[in-house]
There are 2 protein chains.
Amino acid sequence: MMRTEGTGKSGYHHGDLRNALIEAATDLARDGGPEAVVLRAAARSVGVSPTAAYRHFTGQGDLLMAVKEQGQRGLAETMERSAAGDGAEGDGARDAGEAAEERLKALGAGYIEFALAEPGLFRAAFCRPPEAADGSGDPGPQEDSARWMYRSFRLLAEALDGLVTTGRMPAERRSGTEITAWAAVHGLAVLLLDGPLGRLSPEQRDTLAAGALDTVIRGFTASE
Amino acid sequence: MMRTEGTGKSGYHHGDLRNALIEAATDLARDGGPEAVVLRAAARSVGVSPTAAYRHFTGQGDLLMAVKEQGQRGLAETMERSAAGDGAEGDGARDAGEAAEERLKALGAGYIEFALAEPGLFRAAFCRPPEAADGSGDPGPQEDSARWMYRSFRLLAEALDGLVTTGRMPAERRSGTEITAWAAVHGLAVLLLDGPLGRLSPEQRDTLAAGALDTVIRGFTASE
DNA sequence: GAGTCGAAGTTAACGTCGTAAACATAATAC
DNA sequence: GTATTATGTTTACGACGTTAACTTCGACTC
């Protein structure tokens with residue numbers, strides 16, 4: 001007796017409920033973060049009974065993980081867009097090493113950009129997977145979900161490889177640097193979102209982010 | 001009819017319910033993180049009715065903020081202990097500059113140490129303050145709570161000042177570096193806790209943390 | 001095409017949570 | 001010794017996640 005005006009199939013069967021729920025839940029996360037992803041609200045917004053969701057998700061946590069994946073996808077895409085826009089137009093990168101450095105900076109800037117533009121999604125993208133109550137502690141089936149899961153991480157790692165192959169960073173220093181780079185940029189993002197840094201003007205943020213990126217990159221490339 | 005075997009005063013009036021609730025809630029957070037701090041459970045564990053908590057806290061969010069403060073205190077104390085133990089025994093710090101650098105490293109190591117030793121509390125220490133539903137958006141009265149609130153942050157800032165006064169870091173580079181330092185160490189902590197870095201051996205973590213700290217400090221002090 | 005069968009929905013119900021309102025009791029002030 | 005006030009209690013409400021049992025639709029066989 002619900003879904004009288006369905007855009008889908010018959011009015012009873014939705015046709016694509018899974019994706020509709022993910023979309024609704026993602027909207028919830030967009031303003032409100034992960035804790036705003038409530039299963040009943042998503043179902044309500046799609047016009048379906050709460051328990052219908054259980055045909056497509058094992059529960060609220062599963063739905064939240066789908067949202068998390070959306071967030072990770074958005075983050076990675078913003079980073080790629082930022083790097084592509086910043087590196088492709090051959091803006092004064094005299095040599096390959098400088099280009100690699102610019103790419104790294106652009107990726108970091110994209111990271112921050114996404115976190116500030118979509119704080120709710122960003123937080124959802126890094127929310128903890130719900131305790132697998134079966135005690136097994138394993139994250140369950142996430143095979144191709146993992147393709148996007150920490151793609152941002154891999155993007156940074158590849159950029160760091162570029163720093164090495166162009167001779168900008170000593171190879172023996174490479175190990176562990178993706179952690180350092182990711183930590184710096186992620187820490188900055190959460191600091192800006194809900195850390196002690198209250199409200200900063202956009203330009204303050206930008207100088208701050210630029211400074212942090214410069215410091216880390218200098219740490220990577222400096223000789224001494 | 002509750003609290004038959006109270007350690008406090010009469011059996012009806014508790015005597016120090018506020019602190020008892022904070023303690024119980026902190027225990028909840030210790031294993032389970034911020035989302036495990038449920039008001040009813042804390043009251044239950046103290047042996048008091050759920051609504052009794054409302055005589056001492058405005059609600060669940062307020063209780064959570066008290067736990068958050070406990071977490072921040074623990075973090076700051078671990079950092080101070082780490083720095084004190086590492087710097088006081090005059091271990092080969094040839095000059096003041098080197099000592100300042102060592103202190104900064106020790107503070108960072110303490111930060112990571114606490115995050116790994118008390119993951120639940122650490123997460124609680126950085127949980128978002130609950131949306132002040134009155135729309136004012138202000139965090140409310142936290143006057144002396146703020147003394148501990150981001151003390152970890154101030155510790156890092158002071159250590160960075162030491163880096164400048166000893167001439168190890170150019171003064172014009174100082175601005176914003178507490179953000180960078182904090183971001184690096186905080187990002188590393190969350191990365192270790194629930195990021196893509198699954199289970200690492202303690203020594204792997206330590207080399208990782210040491211590497212990250214070295215990179216950032218090199219970024220601060222390097223000449224080029 | 002009529003009949004069956006599983007996938008994808010529904011309603012009803014349970015236990016838990018946060019919270020408000022009204023009531024009860026104990027400590028304190030006069 | 002009584003009135004007041006701080007601090008508990010009981011009761012109740014609505015929202016949430018989740019389970020169980022029922023219903024409806026679409027697809028596949030004969």
Below 3.5 Å is the cut-off: list the nitrogen or oxygen pairs between protein and nucleotides 22-25 of chain C, distance only.
from: C:dA24; atom 1: N3; to: B:Tyr12; atom 2: OH; distance (Å): 3.3

*Salt-bridge contact B:Arg151-B:Glu80 (side-chain N to carboxylate O under 4.0 Å)*: yes

*Would you give the length of the straight line joining atom CD of B:Glu118 to atom CG of B:Leu193, rounded to the nearest 0.5 angstrom?*
11.5 Å

*Just one of B:Gln72, B:Arg73, B:Lys68 clears the side-chain hydrogen bond (donor to acceptor under 3.5 Å, both in side chains) bar with B:Gln70, so which one?*
B:Arg73

*Does a side chain donor of either B:Glu23 or B:Thr26 reach within less than 3.5 Å of an acceptor in the other side chain?*
no

*Start with the C-alpha distance between A:Tyr111 and A:Phe122, add both sets of side-chain angles, then the distance that settles ring-ring contact (aromatic ring centres under 6.0 Å, His included), and finish with yes or no.*
CA-CA 10 Å; A:Tyr111 198 102; A:Phe122 179 81; 5.8 Å; yes

*Near DNA chain D, under 4.0 Å by heavy atom, which residues of residues 27-45 of chain A?*
A:Val38, A:Leu39, A:Arg40, A:Arg44

*Could you tell me the separation between the CG atom of B:Leu17 and the C1' atom of C:dA27, rounded to a whole number of Å?*
16 Å

*May I have the distance from A:Leu21 (atom CG) to C:dA8 (atom P), rounded to whole angstrom?*
13 Å

*Check whether the side chain of B:Thr51 and the base of D:dT10 form a donor-acceptor pair under 3.5 Å.*
yes

*Can you check whether A:His56 has a side-chain N or O nearer than 4.0 Å to OP1 or OP2 of C:dG9?*
yes

_Please determine whether a side-chain nitrogen or oxygen atom of A:Tyr54 lies at a distance below 4.0 Å from atom OP1 or OP2 of D:dT19._
no

*Check the distance between C:dG18's C1' and B:Asp62's CG and give it to me in whole angstrom.*
14 Å

*asked:* Could you tell me if the side chain of B:Arg123 sits less than 4.5 Å from the side chain of B:Asp194, heavy atoms only?
replied: yes

_pair A:Ser152-A:Trp182: side-chain heavy atoms closer than 4.5 Å_ = yes

*What is the distance from atom CG of A:Asp27 to atom CG of A:Leu121, rounded to the nearest 0.5 Å?*
8.5 Å

*Ion pair A:Glu178/A:Arg154, N-O distance below 4.0 Å*: no

*asked:* How many whole angstroms separate atom CZ of A:Arg18 from atom P of C:dA7?
replied: 16 Å

*Could you check how far CD of B:Gln60 sits from P of C:dA20, rounded to whole Å?*
13 Å

